Amino acid sequence: MDEKFDAIIVGGGIAGLSAAMTLAKGNARFLLIERGEFCGAKNVSGGVLWGSDLAKLVPEYWLETGGIERFVNHRRLTFMDEQSAFSVDFKSEHFNEPPYSGVTVLRAVFDEWLAGKVQAAIDESEHPDESFLATDILVEEVLQENGKVVGIRAGEERFYADCVILAEGVNNLLTRQIGLEKEYVPVDHMGIGVKEVLKLDSKRLEDRFQLRGRSGLTNEFVGFCSEGVEGGGFLYTNSDSISLGLVLGLKDLKAKEKTPYDILNTFKEHPAVADMISGAETVEYSAHAVSTGNIKALPSELYADGVLIAGEAAHLLLNAGKAIQGMDYAMRSGILAAETVIEAKKANDYTSGMLKNYRSALENSYVLKDMRSFQDAVHLLHQPNMFGAVPNMICDFGRQFFTISGEETPKASKMMHAAIKRNASYWDLVKLGLKGARAL
Ligand SMILES: Cc1cc2nc3c(=O)[nH]c(=O)nc-3n(C[C@H](O)[C@H](O)[C@H](O)COP(=O)(O)OP(=O)(O)OC[C@H]3O[C@@H](n4cnc5c(N)ncnc54)[C@H](O)[C@@H]3O)c2cc1C
């Protein structure tokens with residue numbers, strides 16, 4: 001087959017499918033190629049999809065029963081030491097109305113559902129027989145002619161297009177092949193995520209987590225959950241299961257000679273977590289590389305003649321402590337890449353001079369604006385005190401504060417002083433506090 005498409009999208013994850021949906025609605029002819037048996041087969045997220053772009057791609061998606069698991073109306077951040085858990089907890093009816101700003105998803109379900117929506121959009125487009133979603137195919141090479149990307153090769157087959165959107169995810173071998181990313185991404189820019197899905201009957205789940213209807217809880221953890229390794233944990237409620245996992249810095253993991261699954265087992269055994277997952281059965285285990293959100297990991301450029309890079313292939317991700325934002329960044333960048341292709345098609349110009357509009361659109365969007373303004377917070381999270389001394393001190397203070405012992409009770413400031421003295425140095429904490437205040 002030597003047809004020429006307006007665009008070829010490599011990767012049927014969130015970035016690729018969002019680009020595909022936008023192209024279908026814009027009546028472009030495209031081919032999306034996904035190596036998994038179906039879209040979502042290879043993908044792992046915690047996962048909460050933040051932001052509002054899903055409602056643009058699939059209006060009123062919340063009226064459907066498929067696709068998403070729960071709407072997030074309850075958020076919790078927990079500091080842990082070995083025995084205790086001190087949480088900041090926020091629940092609001094403001095979060096309980098559409099359009100929702102956070103929904104929990106299971107990627108194997110969500111991506112396949114979104115692919116179905118893309119197929120429906122193709123069917124309704126002006127060229128229903130000229131755009132395709134092809135699964136179970138690995139793209140091995142990006143084809144170039146005179147320095148311009150002209151298509152891709154999968155096995156013996158070659159496919160050509162005016163523009164290729166690389167949405168291949170964090171393991172961006174094709175982006176590296178065309179020289180936009182260095183051959184090796186520095187190890188301190190990479191993490192590993194491990195996750196279990198634990199099945200729990202929806203009635204028990206709703207009673208246990210006080211969920212009403214399709215509302216859901218997200219709980220992030222710092223401290224003992226990562227056993228001193230840089231990183232943190234998460235627990236998210238799905239329709240009838242719990243997603244529980246960790247995201248850990250690869251460099252620190254190696255330095256401390258620990259394995260992610262051992263740390264996950266310890267996390268599961270912590271009394272606060274064990275109570276939440278009691279009676280739930282592990283039905284899925286997965287692991288996946290994840291970017292740490294360091295802006296230095298971005299490819300040298302996000303476009304070149306005939307090519308655009310979207311989603312985590314471009315290391316677009318932010319983890320500034322409040323949440324991991326990789327899926328919403330993938331969605332927005334996929335949409336912006338496709339919009340750029342539609343504009344390029346109108347102008348019949350796919351040179352880098354035209355495609356640089358994608359970079360400008362990303363710079364003007366919350367994606368690159370937030371990545372830039374919260375870089376200090378990203379770096380702060382990687383300071384050892386943040387997953388050691390600070391959570392220990394907070395739990396120490398909590399233990400004193402909530403103890404009614406029948407003895408004279410010290411003032412809270414005295415308790416805090418004692419907790420700091422036992423767990424950290426004043427000076428380090430002052431420095432950390434000042435940095436934190438500036439970073440957030
Ligand atoms: C444990 C964990 C927890 C996370 N939690 C969250 C969270 O709660 N919220 C959040 O927003 N983000 C989260 N993230 C990050 C988020 O999962 C990613 O940022 C997001 O999936 C990136 O989307 P993407 O479409 O760019 O890439 P992916 O979802 O990785 O999709 C890339 C697709 O390309 C396909 N592909 C790759 N190479 C080829 C090839 N050569 N040929 C054909 N197909 C190819 C892959 O099979 C895959 O389907 C988490 C990540 C991990 C690992």
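Quantities reported herein were computed from a predicted structural model and do not represent experimental measurements. We count ligands from 1, going down the list as the structure has it; atoms in each ligand are counted the same way.
Proximity annotation for atom 37 (C) of ligand 1: of Glu37, Glu140, Lys42, Glu168, Glu168 comes nearest, heavy atoms only. In this structure, of Thr135, Val139, Ile137, Leu318, the residue bringing a heavy atom nearest to atom 41 (N) of ligand 1 is Val139. Among Cys39, Ala19, Gly169, the residue whose heavy atom lies closest to atom 30 (O) of ligand 1 is Gly169. Of the listed options Ser243, Gly293, Ala167, Gly11, Ala167 places a heavy atom closest to atom 32 (C) of ligand 1. By heavy-atom distance, the residue among Gln177, Arg35, Glu34 lying nearest atom 39 (C) of ligand 1 is Arg35.
If you check the side chains of Thr266 and Glu227, you find a donor sitting under 3.5 Å from an acceptor. When only modelled atom types and interatomic distance are considered, Ser278 and Asp275 share no side-chain donor-acceptor pair under 3.5 Å. A donor-acceptor contact closer than 3.5 angstrom links the side chains of Asp123 and Gln119. Defined by atom type and a distance below 3.5 Å, a donor-acceptor pair is missing between the side-chain atoms of Asn73 and Tyr100. For the residue pair Ser243/Asn238, the side-chain donor-acceptor check at 3.5 Å is satisfied.
Counting heavy atoms under 4.0 Å from ligand 1, residue Arg107 touches it through the side chain alone. Residue contacts with ligand 1 for Leu317 involve side-chain atoms from C-beta outward but no N, CA, C or O (heavy atoms, distance under 4.0 Å). Proximity of Ala330 to ligand 1, defined as any heavy-atom pair under 4.0 Å, is confined to the side chain (atoms from C-beta onward). Neither the backbone nor the side chain of Tyr329 comes within contact range of ligand 1; no heavy atom lies under 4.0 Å. Residue contacts with ligand 1, taken as heavy atom pairs separated by less than 4.0 Å, involve Val10 solely via side-chain atoms from C-beta onward.
When each atom of ligand 1 is checked for a heavy atom of Gly47 under 4.0 Å away, the hits are 7 (C), 8 (O). In summary, the atoms of ligand 1 found under 4.0 Å from a heavy atom of Gln325, numbered by their order in the structure, are 11 (O). Close approach of ligand 1 to Gly311 (heavy-atom distance below 4.0 Å) involves ligand atoms 26 (O). Every atom of ligand 1 with a heavy atom of Tyr236 under 4.0 Å away is listed here by number and element: 8 (O). The ligand atoms of ligand 1 that sit less than 4.0 angstrom from a heavy atom of Ile14 are 25 (O). Counting atoms of ligand 1 from 1 in the listed order, those under 4.0 Å from a heavy atom of Gly326 are 10 (C), 11 (O), 12 (N), 19 (O). Residue His288 approaches ligand 1 through these ligand atoms, each under 4.0 Å from one of its heavy atoms: 53 (C). Residue Gly13 approaches ligand 1 through these ligand atoms, each under 4.0 Å from one of its heavy atoms: 25 (O), 31 (O), 33 (C), 49 (O).
A centroid separation of 6.0 Å or more is found between the aromatic rings of Phe221 and Phe79. If you look at Phe224 and Phe387, their ring centroids are not closer than 6.0 Å.
Contact annotation: the side chain of Leu355 approaches that of Cys163 to within less than 4.5 Å [non-hydrogen atoms, C-beta and beyond]. You'll find the side chain of Arg176 stays beyond 4.5 Å of the side chain of Lys182, heavy atoms only. Side-chain contact between Leu57 and Ile335 is present, with heavy atoms from C-beta onward closer than 4.5 Å. For the pair Leu180 and Ile309, the minimum side-chain heavy-atom distance is below 4.5 Å. Using a 4.5 Å heavy-atom cutoff, the side chains of Cys39 and Leu114 are not in contact. Taking 4.5 Å as the limit, every side-chain heavy atom of Met80 sits out of range of all side-chain heavy atoms of Val222.
The shortest N or O to N or O distance between Gly46 and ligand 1 is under 3.5 Å. When only interatomic distances are considered, the shortest N/O to N/O separation between Leu174 and ligand 1 does not fall below 3.5 Å. Where the criterion is an N or O separation shorter than 3.5 Å, residue side chain and backbone included, Ser45 meets it with respect to ligand 1. Considering backbone and side-chain N/O of Leu49, none are found under 3.5 Å from N/O of ligand 1. In terms of polar-atom proximity, Val247 is not counted as a contact of ligand 1, lacking any N or O under 3.5 Å from an N or O of the ligand. Annotation: Ile324 places an N or O atom under 3.5 Å from an N or O atom of ligand 1; distance criterion only.
For atom 7 (C) of ligand 1, the closest non-hydrogen atom on the protein side is Val48 N, 3.6 Å. Among protein heavy atoms, the minimum distance from atom 11 (O) of ligand 1 is reached at Met327 N, 2.7 Å. The protein atom (non-hydrogen) at minimum distance from atom 18 (C) of ligand 1 is Glu312 OE1, 2.8 Å.
The environment of NZ in Lys91 is crowded: more than 12 heavy-atom neighbours from other residues, nucleotides or ligands sit within 6.0 Å. The environment of CD in Glu140 is crowded: more than 12 heavy-atom neighbours from other residues, nucleotides or ligands sit within 6.0 Å.
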